[in-house]
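Below: the structure, in structure tokens.
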Amino acid sequence: MTQPNRKKIYEGKAKILYKGPKQNTIIQYYKDDATAFNNKKRSTINGKGSLNNRISSFLMEKINNLGITTHFIKRLNMREQLVHSVDIIPVEIVVRNIAAGSICKRFNIEEGKDLPKSIVEYYYKSDELGDPLVLEDHIIAFEWATNQELEEIYNLSLRINDFLLGIFSSIGIKLVDFKLEFGRLYSGEDNIIVLADELSPDNFRLWDNVTGKKLDKDRFRLNLGNTIDAYREVAERLGVL
Ligand code: TMP
């Protein structure tokens with residue numbers, strides 16, 4: 001449960017950040033709120049927060065164990081996790097293995113087309129501007145990240161993609177695409193790039209291998225119904241329930 005005396009640092013669309021118990025730690029609270037199309041469509045999906053908390057904790061821990069540093073420290077309870085405080089890089093990284101969503105509209109391609117090479121795209125994180133697609137040169141010229149940081153982000157994103165493709169394939173799910181966020185974690189004089197935010201069906205497209213059934217937030221975006229059942233199915237198949 002949220003403690004009323006906690007200091008709220010930030011409230012986003014799906015999560016609330018509170019000051020953590022130790023310096024440079026944060027408590028990340030998962031809400032049941034869902035939004036789509038840049039906040040134009042809004043609803044509450046009962047139980048989503050606790051499922052996303054479990055799924056994201058499980059995947060972040062696995063990624064930590066691979067030697068890729070993340071902001072994740074531990075899951076605290078049903079809705080909360082303890083994470084390191086990081087300086088978020090204002091770029092959303094989208095990795096695509098199969099064409100779906102905005103790439104289909106942009107290039108007039110059919111949903112479901114296999115991409116022979118995974119595509120890494122960058123979007124500027126700005127609700128006001130509707131998260132526009134940007135190029136590497138924008139990121140560097142506007143000093144959202146350095147060239148070196150961006151190279152690291154690109155390489156880490158592809159490693160995370162390889163890892164997630166394997167995990168989902170082992171439970172009969174196609175990882176179509178997903179969105180990542182990275183941050184800078186200050187350690188001593190230096191800072192390192194770490195995976196931040198969350199890894200959940202809010203930020204993935206997941207299709208059942210056999211039936212093609214959508215098991216992610218597209219159920220909400222496209223009014224397909226049974227969104228929570230799909231999230232629960234992902235959690236069950238991952239063995240985290
Ligand atoms: P898109 O096809 O709409 O560009 O989305 C690509 C992936 O990124 C998809 O898995 C959903 C995820 N995503 C987010 O997590 N947040 C967003 O704001 C958007 C637009 C997409």
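Note that these values count all heavy atoms, side chains included, but never hydrogens, waters or copies made by symmetry. Counting starts at 1 for both ligands and their atoms, following the listed order.
- Close approach to Phe178 involves these atoms of ligand 1, each under 4.0 Å from a residue heavy atom: 10 (O).
- Note on ring orientation: taking the six-membered ring where Trp is involved, the planes of Trp144 and Phe142 are tilted (angle from 30° to 60°).
- Close approach of ligand 1 to Arg96 (heavy-atom distance below 4.0 Å) involves ligand atoms 1 (P), 2 (O), 4 (O), 6 (C).
- With hydrogens and angles left out, the side-chain atoms of Glu233 and Tyr231 include no donor and acceptor closer than 3.5 Å.
- Taking atom 16 (N) of ligand 1 as the reference point, the nearest protein heavy-atom neighbour is Lys179 CE, 3.8 Å.
- When non-hydrogen atoms are compared, ligand 1 lies under 4.0 Å from neither the backbone nor the side chain of Lys217.
- Considering only non-hydrogen protein atoms, atom 7 (C) of ligand 1 sits nearest to Asp177 OD1, 3.6 Å.
- For the pair Arg221 and ligand 1, a heavy-atom separation below 4.0 Å is found.
- Listed by atom number, the atoms of ligand 1 under 4.0 Å from Gly101 heavy atoms are 2 (O).
- Looking only at protein heavy atoms, the nearest one to atom 15 (O) of ligand 1 is Asn203 ND2, 3.0 Å.
- Counting only N and O atoms by type, the side chains of Ser50 and Asn53 include no donor and acceptor under 3.5 Å apart.
- Of the N and O atoms on the side chains of Ser85 and Asn24, not one donor lies less than 3.5 Å from an acceptor on the other residue.
- Nearest to atom 4 (O) of ligand 1 among the protein's heavy atoms is Ser102 OG, 2.6 Å.
- When only modelled atom types and interatomic distance are considered, Tyr154 and Glu152 share no side-chain donor-acceptor pair under 3.5 Å.
- The atoms of ligand 1 that sit less than 4.0 Å from any heavy atom of Val94 are 6 (C), 8 (O).
- Defined by atom type and a distance below 3.5 Å, a donor-acceptor pair is missing between the side-chain atoms of Gln148 and Thr146.
- Of the protein's non-hydrogen atoms, Glu92 OE1, 4.0 Å is the one closest to atom 17 (C) of ligand 1.
- Using a non-hydrogen distance threshold of 4.0 Å, Cys104 does not register as a contact of ligand 1.
- Protein non-hydrogen atoms do not reach within 4.0 Å of atom 20 (C) of ligand 1.
- For the pair Leu195 and Glu181, the minimum side-chain heavy-atom distance is 4.5 Å or more.
- Shown here is Lys31, whose NZ atom has more than 12 heavy atoms of other residues, nucleotides or ligands within 6.0 Å.
- Contacts with ligand 1 closer than 4.0 Å are made by side-chain heavy atoms of Asp131 only, the backbone lying farther away.
- Taking a cut-off of under 4.0 Å to the non-hydrogen atoms of Ala100, the atoms of ligand 1 that pass are 2 (O).
- Counting only heavy atoms from C-beta outward, the side chains of Lys74 and Gln81 never approach each other to under 4.5 Å.
- Asp32 and Thr44 share no side-chain donor-acceptor pair at under 3.5 Å.
- Looking from atom 3 (O) of ligand 1 to the surrounding protein, the closest heavy atom is Arg205 NH2, 3.6 Å.
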